Amino acid sequence: MIDFVVVGSGCTGAIAAKTLIDQGKNVTLLDVGHVGQSKEENNQQSFIEKRESDPFQQDFFLGKQFESLANLNQANPSHLTPQRTFISELVEKYLIWDAGDFNPIESLAKGGLGNAWGLGSYIYSPQELKKAGLEIDTTLDAYRWLHELLSISGGNDFAATYSTGHLYEPEPAIPLDFNGERLWQRLQKNQKQLANIGFSVGRAPLAISTENPKNGKLYEPSDLDFYSTGITSAFRPINLIEQLEQTGKLHYISQQLVLRFEEVEDRVVVHTLNIETGKHDQFACKKLILAAGALSTARIAMRSTGVTKLPVICNPYSFIPSVQIGLLGSANCGYQTGLAQFALYYDPERKHEEVAMGSLYSYRSLMGFRLTREFPVGFKSGQEFLKLLMPALNITGVFHPESGSETKYIELVKDPSNITGDALRGSYQLTKEEIKRIKSTEKAFKKALKKLGAQPIKVKQNPAGASIHYGGTLPFAENGSKASTHPKGRLNGFKQVFIADGSGFQFLSGKGLTLTLMANAHNVAKHAAEH
Amino acid sequence: MTSTEEFELLFRYLKGNHSDDNLYARYANGVTSLQLSLAPKEQQQLLWCIQHPVWIGVVDYGLALHTPSSNLRKRFALAAAIIECQPNGVELYLNQKRIKSPVFKTFIWGIKAAMTMVLAKMLFLLKRWS
Ligand SMILES: Cc1cc2nc3c(=O)[nH]c(=O)nc-3n(C[C@H](O)[C@H](O)[C@H](O)COP(=O)(O)OP(=O)(O)OC[C@H]3O[C@@H](n4cnc5c(N)ncnc54)[C@H](O)[C@@H]3O)c2cc1C
């Protein structure tokens with residue numbers, strides 16, 4: 001019998017597996033683990049060089065079959081560049097959603113959503129950890145452990161209390177591009193004024209090595225980051241999984257769609273569908289750790305417990321394009337990064353409890369036709385405007401803090417026409433107060449951007465699910481029902497089943513959740529190993 | 001189905017000169033793989049553009065205002081994307097030298113855009129496309 005089965009190879013599954021192996025355990029990792037056809041190129045060119053010289057650039061920017069245009073109407077389509085579309089392949093077939101007003105992005109890839117994550121690595125404050133239902137001291141320790149493992153760079157500046165919490169010394173931030181340089185100068189001047197309206201602004205902390213190459217190489221400035229999943233200086237869970245496979249302690253089994261589990265005496269039986277053969281398989285283990293992402297884990301838990309309705313939380317997400325007037329019409333040259341350059345933390349009461357966060361980008365590599373589509377203008381007129389606008393453009397994605405409510409839930413409905421015999425239906429409605437708070441936060445962000453010298457053009461609220469930050473499906477509770485997680489990670493009602501992804505989180509700060517997801521996965525796996 | 005007229009029209013509009021067969025094949029391939037078939041009203045709109053090519057910019061604005069997720073608007077987006085991904089399409093979007101008086105030019109652009117929006121509204125109202 002297998003000792004430990006981990007389900008999922010995303011950020012949380014990879015960290016859970018690493019922690020178990022560090023504790024001397026052998027791990028079997030079950031995963032769908034789609035890898036797709038590699039569309040990565042060994043690309044040495046810059047964005048401008050590629051645009052000016054490559055006659056086949058369409059394949060790179062749009063995809064041979066226009067893959068990156070296929071999802072133009074999806075929430076957040078621009079993230080899935082051709083090199084990244086494999087991340088969400090197979091999802092339509094195996095993680096089926098019934099109609100509803102919640103449009104999440106899920107992944108069945110080896111490495112999960114972590115193949116595309118923007119690397120923003122933020123800590124939760126003790127107050128936020130408490131609200132999420134996490135233990136404070138052990139999570140803070142886990143953050144330090146993660147910094148050692150991932151190498152986090154940037155954030156040791158004006159906003160350090162929000163970005164690193166002074167828990168560790170991050171590596172130097174990646175270089176600023178010409179757009180970021182100007183913002184930085186304004187920030188230095190206007191820091192106090194920003195503080196007066198409730199903002200702390202600093203460099204975005206990223207899971208990328210700039211000094212101490214733990215994940216491979218050091219960061220080399222590139223303005224095609226957005227079209228790649230392979231920056232070797234960045235933390236990608238797929239790399240960690242591959243390293244662990246090489247130790248011989250991780251047995252990675254792909255093509256397995258986990259459907260449900262049951263506890264039989266002192267073992268757990270995991271039922272899977274082998275998507276290659278179409279046959280059903282079973283794996284018996286002593287302990288099971290689910291890390292399939294908060295939504296996919298919820299599916300597995302619902303099938304296993306008979307519970308058909310669960311809560312869900314997901315940060316509401318707005319974005320605000322803005323323009324630095326002084327840069328209008330500048331020449332487009334030099335390095336311009338697609339990674340987040342600044343993080344804007346909005347916490348007017350300075351309580352560190354309900355922080356909204358904006359990540360500021362200067363997306364030159366976001367193609368012009370995509371930007372034009374966002375505005376009520378024609379494409380020809382858009383071309384003229386973009387020539388002026390592009391060098392001056394910033395985009396700030398604002399994540400609003402999120403707690404659950406009765407109007408946000410998912411239901412498992414029967415659907416024999418699907419391969420799994422069921423589908424998830426999501427309902428996500430914000431309350432009036434939440435809408436009011438979001439609007440006032442957006443106003444505050446517009447003010448802050450002006451103080452940074454960037455004039456906001458508009459505010460766009462994205463559809464529910466677009467933030468790609470999910471949690472709260474099996475909320476933490478000491479002695480809860482089968483549809484809840486014990487704060488130490490055990491699924492209530494089961495002895496040997498643990499949850500290592502965001503399913504337990506009762507609250508999501510506006511700060512990106514993934515570092516905290518990984519901290520929790522580390523602690524859950526540690527507990528499962530000792531349990 | 002895409003016609004050569006449609007392709008010629010879109011490429012002339014967006015790029016200002018005659019296009020080549022290679023790009024036509026890409027465009028046709030894109031329309032098929034993205035399944036951008038047109039509803040009867042969109043066909044009318046396209047046909048009208050083919051008959052009155054000077055108005056295509058106004059129709060483009062009208063689509064952006066009234067039916068931003070229609071398949072006809074997506075065909076415009078597809079053509080724009082293909083042109084953008086040509087080495088000689090770069091100059092249409094990214095300037096290599098600083099543009100003079102950018103604020104003034106942006107202001108003029110804004111006025112032109114506002115006027116075209118008004119025209120587009122009127123056209124769509126008249127043609128009962130709104
Ligand atoms: C473009 C983009 C940018 C982002 N940027 C940031 C950022 O800057 N900062 C931040 O904090 N977060 C960011 N995120 C979010 C971040 O990627 C996720 O929070 C994180 O990756 C979630 O990890 P996970 O392990 O919980 O789940 P996932 O990444 O969803 O992994 C799930 C894994 O489980 C497997 N799986 C799922 N269901 C089954 C099943 N039934 N059977 C077997 N295997 C299964 C999948 O194959 C996959 O390996 C971003 C996401 C995207 C897409």
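In what follows, every chain begins at residue 1, and chains take the letters A, B, ... in the order their sequences are listed. On a predicted model such as this, the values are computed, not experimentally measured, just so you know.
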* Structure fact -> Interatomic distance, OH@Tyr93(B) vs CG@Leu371(A), rounded to 0.5 Å, equals 10.0 Å
* Structure fact -> NZ (Lys380(A)) and CG (Leu10(B)) are apart, to the nearest 0.5 Å, by 12.0 Å
* So with a 6.0 Å cut-off around NZ of Lys458(A), is the heavy-atom count from everything else above 12? -> yes
* Structure fact -> Between Tyr61(B) and Ser381(A), the two heavy atoms sitting closest are OH-OG, 2.6 Å
* Using non-hydrogen atoms and a 4.5 Å limit, figure out which bit of Thr106(B) sits close to chain A: side chain, backbone, both or neither. => both
* Structure fact -> Closest non-hydrogen contact found for Ala331(A) with Gln96(B) is CB-O, 3.1 Å
* Asked: Any side-chain heavy-atom pair from Gln65(A) and Leu34(B) closer than 4.5 angstrom?
  -> no
* Considering only heavy atoms and a distance below 4.5 Å, find which of Leu14(B), Leu65(B), Ile56(B) pairs most often with chain A. => Leu14(B)
* Greatest number of heavy atom pairs closer than 4.5 Å to chain A - which of His66(B), Arg26(B), Lys100(B), Gln35(B) -> Arg26(B)
* To do: Using a cut-off of under 4.5 Å on heavy-atom pairs, state which of Met117(B), Gln86(B), Lys105(B), Arg73(B) scores highest against chain A.
  => Arg73(B)
* To do: Return the option, out of Ser33(B), Ala80(B), Ala81(B), with the maximum number of heavy-atom pairs under 4.5 Å with chain A.
  => Ala81(B)
* Which portion of Lys97(B) sits near chain A, non-hydrogen atoms under 4.5 angstrom -> backbone
* Pick from Val377(A), Ile325(A), Leu328(A): which one has the most heavy-atom pairs with chain B under 4.5 Å? -> Val377(A)
* **Region of Ile48(A) in contact with chain B, defined by heavy-atom distances below 4.5 Å** => side chain
* Asked: Does Leu94(B) reach the side chain of Phe47(A), with side-chain heavy atoms less than 4.5 Å apart?
  -> yes
* Nearest-0.5 Å distance that lies between atom NZ in Lys387(A) and atom CG in Asn95(B) -> 6.0 Å
* Do you know which of Pro87(B), Pro102(B), Ala64(B) has the most heavy-atom pairs with chain A at a distance under 4.5 angstrom? -> Pro87(B)
* If you round to the nearest 0.5 Å, how far is CD of Glu384(A) from CH2 of Trp109(B)? -> 8.5 Å
* Asked: Which is it for Lys74(B) and Arg373(A) under the side chain to side chain contact (heavy atoms under 4.5 Å, CB included) test, yes or no, and what are the steps along the way?
  -> CA-CA 9 Å; Lys74(B) 281 190 197 153; Arg373(A) 263 195 102 239; 4.2 Å; yes
* Answer whether the closest heavy-atom distance between the side chains of Ile83(B) and Phe369(A) falls below 4.5 Å. => no
* **Rounded distance (nearest 0.5 Å) linking atom CZ of Phe66(A) with atom OH of Tyr27(B)** => 10.5 Å
* Structure fact -> If one checks every heavy atom of Leu62(A) against chain B at 4.5 Å, the contacting part turns out to be side chain
* To do: Nearest 0.5 Å please: distance from the CZ atom of Phe76(B) over to the OG1 atom of Thr372(A).
  => 13.0 Å
* Structure fact -> Exactly one candidate in Met367(A), Arg51(A), Lys50(A) meets side-chain contact (heavy atoms from CB on, under 4.5 Å) with Cys85(B); the answer is Met367(A)
